[in-house]
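Protein chains get the first letters and strands the later ones, always in sequence-line order, with residue 1 at the start of each. What you see is a predicted model, and the numbers here were worked out from it, not measured in a lab. Computation of the quantities below employed the complete heavy-atom set of this structure, encompassing side-chain atoms and omitting hydrogens, waters and symmetry-equivalent molecules.
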Amino acid sequence: MNSRRNFIKNIALGAAAGTLVLPSCKVKGSDTKITILHTNDVHSHIDPFPKDHSSYPNQGGFARRAALIKQVRRTEEHVLVLDSGDIFQGTPYFNFYKGELDIKLMNAMGYDVATIGNHEFDNGVEELAKQIKIADFPFVNCNYGLEQSILKPLMQAYKIIQKGVVKIGVIGLGIELYGLVDPNKCGDIKYNCPIKSGDALAGYLKNKENCDYIIALSHLGYQYKGDKVDDIEVAQNTENINLILGGHTHTFLDQPTIITNKQGNDVVINQTGWAGVKLGRLDIVFSDDKKDQRLAYNSQL
Amino acid sequence: MILKSKVIYILLWSALMFGCRQNIELKSTSGKLVLVDSSIAADSAVASVISPFREEIDKQMSRIIGFSEAEQDSYYPESPLSNFVSDIIQERALRYLKANNADTLPMISLMNIKGLRANLPEGEVTVRDIFEIMPFENQIVVLTISGTNIKAFFDYISTTNGEGISGAQLVIKNDKVKSVTINGDVLDVNRNYYLATSDYLANGGDYFSMITNPIQSQLIGCKIREAIIEHIEELNQNNLKVVSNIDGRIKID
């Protein structure tokens, strides 16, 4: 990197009048704010809970969430809408319509990326494949070996999204299906270590695809007492993941959790409980020197 | 000359874009959970998409299928609801075997307590109540299991403090089997048994590993939810209500 910089610097010095600003990449630039809205374990709760519900009276509902997302889009320029799995199963909407209504409404809300949870397989892998085809947004996962699965051509390892000058990589981490899902329903899906697979892919996205920020949509679960891999462990044992949006354990995190990773950097974990009674919101601000550099360059012409 | 310097500028610019990639820096992160409640007016477009689906579901869900004398809930080691559903599985599986002249082995049934997702309310019982108890599309399956594995099954549910069972009486002491009888007879490890349960458990759900390699497996063509609905409808046709049937089939010594 240094030798490249020097090379550029030398060319710049020799080339033109641009020398005043060209060697410097450290000019303070304008900020870019990315607003992330996210859900997990919505479990087909299309409607709000009943008014007399003991835990969540009159809370949740897709039509309200849609209004909330629209409202944020009106005030924020860069919005990402993400889901961490278990979209399906839990109300008669799923028994009757097999998830089609859920996916169509998520299309209408402009979801950008989702991952799959264990309950996505409840009607079998063929039915899941049908629903993924209806989605306007990609489903990502990097630790399921899908070579023998009909999901192979329907899923992606990652999705890169450019928001302003910020390049964001979104990956998916899936829970071990053994013991959770009937093997006849999920078919032949190999489970690989989410820490290894996730960090390797996140590293690739940072170093080769030049992503500035890596988001992991995780359906692993927030924290376990036993030796099951959880989000805390992923955060502690990786280098390249910046944000983990979790699921599966139905954990309401009133404040995001901050964990120090292998390199001493902060990893943020968030999870929104379940059933869509809360919508997660994260505002992430990036300082943007690159843009400033371009302005400096343009001024030379 | 002008053209040449423009080319250099373009090359230079592309190189700089790459060279400065590290300069997108994370400055701050703030987060919160936003409560989705009645203070947020529903989006009318989305609401109108949902309406016809809800009406169709409501029409079918609100149908009254019978009555329950009291609220039936589920807990360990045995409970009204887990006994009720296990007995329904046992009865449906027996009916199937008799119809197929295959009623040749003693039978027990298993319904995992974790799989019962709500209580049966007191009074009117609707289709919706049963969907809430049993949202899954699980089917009833009859497994032929060796006596050794049936013994392993009772050993296992003694460590988990019981389960929904039918056709057997179990006494647990210090997480171990103290005694077990199947239809009144002592468990014989040298013979085979039928075990009726859900395809979910038969295929490895909830770690019942001793039943995942049965000698034979027969799907009886009936979902557990359908069996519950039909059973309550039959009770109602005979002017009977659902009653609690705690009968001491699992005891902790």
*Asks:* Quick one: which of A:Arg65, A:His38, A:Lys70 has the most heavy-atom pairs under 4.5 Å with chain B, could you say?
*Replies:*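 If we count pairs closer than 4.5 Å to chain B, A:Lys70 comes out on top.
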*Asks:* Please look at A:Gln271 and chain B and tell me whether the side chain, the backbone, both or neither of the residue comes under 4.5 angstrom of a heavy atom of that chain.
*Replies:*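 Answer is backbone: N, CA, C or O of A:Gln271 sit under 4.5 Å from chain B.
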*Asks:* Indicate the atoms forming the closest heavy-atom contact of B:Ile40 with A:Ala67, along with that distance.
*Replies:*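 Residues B:Ile40 and A:Ala67, closest heavy atoms: CG2-CB, 4.0 Å.
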*Asks:* For the CG atom of B:Leu33 and the CG atom of A:Asn270, what is their distance to the nearest 0.5 Å?
*Replies:*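 If I round to the nearest 0.5 Å, the distance is 5.5 Å.
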*Asks:* If you compare all heavy atoms of B:Asp43 against all heavy atoms of A:Ala66, which two are closest, and at what distance to 0.1 Å?
*Replies:*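 So the minimum-distance heavy-atom pair works out to CB-CB, 3.8 Å.
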*Asks:* Counting neighbours of CD on A:Gln263 that are heavy atoms of other residues, nucleotides or ligands and sit closer than 6.0 Å, is the number greater than 12?
*Replies:*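 Yes, CD of A:Gln263 has more than 12 neighbouring heavy atoms, counting only those of other groups under 6.0 Å.
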*Asks:* So for A:Asn184, is it side chain, backbone, both, or neither that comes closer than 4.5 Å to the heavy atoms of chain B?
*Replies:*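 For A:Asn184, the side chain is the part near chain B, not the backbone.
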*Asks:* Could you look at A:Ile36 and say if it's the side chain, the backbone, both or neither that has a heavy atom under 4.5 Å from chain B?
*Replies:*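 Neither the backbone nor the side chain of A:Ile36 comes within 4.5 Å of chain B.
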*Asks:* Mind ranking A:Phe252, A:Phe96, A:Phe49 by heavy-atom pairs under 4.5 Å with chain B and telling me who comes out on top?
*Replies:*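 Of A:Phe252, A:Phe96, A:Phe49, A:Phe96 has the most heavy-atom pairs under 4.5 Å with chain B.
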*Asks:* Take B:Asn203 and A:Lys185 through the test side-chain contact (heavy atoms from CB on, under 4.5 Å) and record every step on the way to the result.
*Replies:* CA-CA 10 Å; B:Asn203 290 323; A:Lys185 288 193 169 162; over 6 Å; no
*Asks:* Counting only heavy atoms closer than 4.5 Å, note whether A:Lys33 contacts chain B via side chain, backbone, both or neither.
*Replies:*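 Neither the backbone nor the side chain of A:Lys33 comes within 4.5 Å of chain B.
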*Asks:* Distance from A:Asp254 atom CG to B:Lys32 atom NZ, nearest 0.5 Å?
*Replies:*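 Going from the CG atom of A:Asp254 to the NZ atom of B:Lys32 covers 12.5 Å.
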*Asks:* Does any backbone or side-chain atom of A:Leu101 lie under 4.5 Å from a heavy atom of chain B? Answer side chain, backbone, both or neither.
*Replies:*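 Contact with chain B is through the side chain of A:Leu101 alone.
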*Asks:* Answer with side chain, backbone, both or neither: which region of B:Gln60 has an atom nearer than 4.5 Å to a non-hydrogen atom of chain A?
*Replies:*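 The answer is the side chain of B:Gln60.
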*Asks:* Please classify the contact of A:Asp266 with chain B as side chain, backbone, both or neither, using a heavy-atom distance under 4.5 Å.
*Replies:*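 Interface part for A:Asp266: neither.
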*Asks:* Rounded to the nearest 0.5 Å, what's the gap from OG on B:Ser28 to CG on A:Asp31? Could you check?
*Replies:*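 If I round to the nearest 0.5 Å, the distance is 8.0 Å.
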*Asks:* Find the distance between CD1 (B:Ile50) and CZ (A:Phe62) and round it off to the nearest 0.5 Å.
*Replies:*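 Spacing of CD1 (B:Ile50) from CZ (A:Phe62) equals 7.5 Å.
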*Asks:* Taking side chain as C-beta onward, heavy atoms only, is A:Arg64 less than 4.5 Å from B:Ser39?
*Replies:*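 No, every pair of side-chain atoms sits at 4.5 Å or beyond.
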*Asks:* What is the minimum heavy-atom distance between A:Tyr97 and B:Ile57, and which atoms define it?
*Replies:*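 Smallest heavy-atom distance, with atoms named: CE1-CD1, 3.5 Å.
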*Asks:* Heavy-atom cut-off 4.5 Å, strictly under: side chain, backbone, both or neither for A:Gln59 against chain B?
*Replies:*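 For A:Gln59, backbone and side chain are both near chain B.
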*Asks:* B:Ala47 versus chain A, heavy atoms under 4.5 Å apart: side chain, backbone, both or neither?
*Replies:*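 For B:Ala47, the contact with chain A is made by backbone and side chain together.
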*Asks:* Could you tell me which portion of A:Asn58 (side chain, backbone, both or neither) has an atom closer than 4.5 angstrom to a non-hydrogen atom of chain B?
*Replies:*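 Answer is both: backbone and side chain atoms of A:Asn58 are under 4.5 Å from chain B.
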*Asks:* For a quick test of reading the model, state the closest non-hydrogen atom pair linking B:Val36 to A:Leu279 and the distance between them.
*Replies:*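 For B:Val36 and A:Leu279, the tightest heavy-atom pair comes out as CG2-N, 3.9 Å.
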*Asks:* Between B:Arg54 and A:Asp47, does a side-chain contact (heavy atoms from CB on, under 4.5 Å) hold up when you go through it step by step?
*Replies:* CA-CA 9 Å; B:Arg54 182 191 301 113; A:Asp47 289 328; 2.6 Å; yes
*Asks:* For chain A, which candidate among B:Arg117, B:Arg128, B:Lys27 shows the most heavy-atom pairs at distances under 4.5 Å?
*Replies:*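 Answer, by heavy-atom pair count under 4.5 Å with chain A: B:Lys27.
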*Asks:* Could you state the interatomic distance from OG (A:Ser287) to CG (B:Leu26), rounded to the nearest 0.5 Å?
*Replies:*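 A:Ser287 OG to B:Leu26 CG: 8.5 Å, rounded to 0.5 Å.
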*Asks:* With a 4.5 angstrom heavy-atom cut-off, which part of A:Tyr56 approaches chain B: side chain, backbone, both or neither?
*Replies:*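 A:Tyr56 has no heavy atom closer than 4.5 Å to chain B.
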*Asks:* Of the non-hydrogen atoms in B:Met61 and A:Pro92, which two are nearest, and what is the gap between them?
*Replies:*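 Result for this residue pair: SD-CG, 3.6 Å.
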*Asks:* Going through the distances and angles, do A:Asp122 and B:Glu137 end up as a side-chain contact (heavy atoms from CB on, under 4.5 Å)?
*Replies:* CA-CA 8 Å; A:Asp122 281 9; B:Glu137 305 295 332; over 6 Å; no
*Asks:* Between CG of A:Asn242 and OG1 of B:Thr29, what distance do you get to the nearest 0.5 Å?
*Replies:*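 A:Asn242 atom CG to B:Thr29 atom OG1 measures 8.5 Å (nearest 0.5 Å).
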*Asks:* Report the C-alpha separation of A:Thr272 and B:Val34 in whole Å, then their side-chain angles, then the decisive distance to 0.1 Å, and conclude whether the side-chain contact (heavy atoms from CB on, under 4.5 Å) test is met.
*Replies:* CA-CA 9 Å; A:Thr272 70; B:Val34 184; over 6 Å; no
*Asks:* Name the option with the most non-hydrogen atom pairs under 4.5 Å to chain A; the candidates are B:Gly204, B:Pro135, B:Ala42, B:Ser30.
*Replies:*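 Ranked by contacts with chain A, first place is B:Ser30.
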*Asks:* Between A:Asp283 and chain B, with a heavy-atom cut-off of 4.5 Å, which part of the residue counts as in contact: side chain, backbone, both or neither?
*Replies:*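 A:Asp283 touches chain B through backbone and side-chain heavy atoms alike.
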*Asks:* Determine the minimum heavy-atom distance between A:Ala63 and B:Val46, stating which atoms define it.
*Replies:*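 Heavy atoms of A:Ala63 and B:Val46 come nearest at CA-CG1, 3.6 Å.
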*Asks:* Which region of B:Phe131, side chain (C-beta onward) or backbone (N, CA, C, O), has a non-hydrogen atom less than 4.5 Å from a non-hydrogen atom of chain A, or is it both or neither?
*Replies:*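 Just its side chain gets close to chain A.
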*Asks:* With a 4.5 angstrom heavy-atom cut-off, could you sort out which part of A:His119 is near chain B: side chain, backbone, both or neither?
*Replies:*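 For A:His119, the contact with chain B is made by the side chain alone.
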*Asks:* Select one option (side chain, backbone, both, neither) describing which atoms of B:Phe136 are under 4.5 Å from chain A's heavy atoms.
*Replies:*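 Both backbone and side chain.
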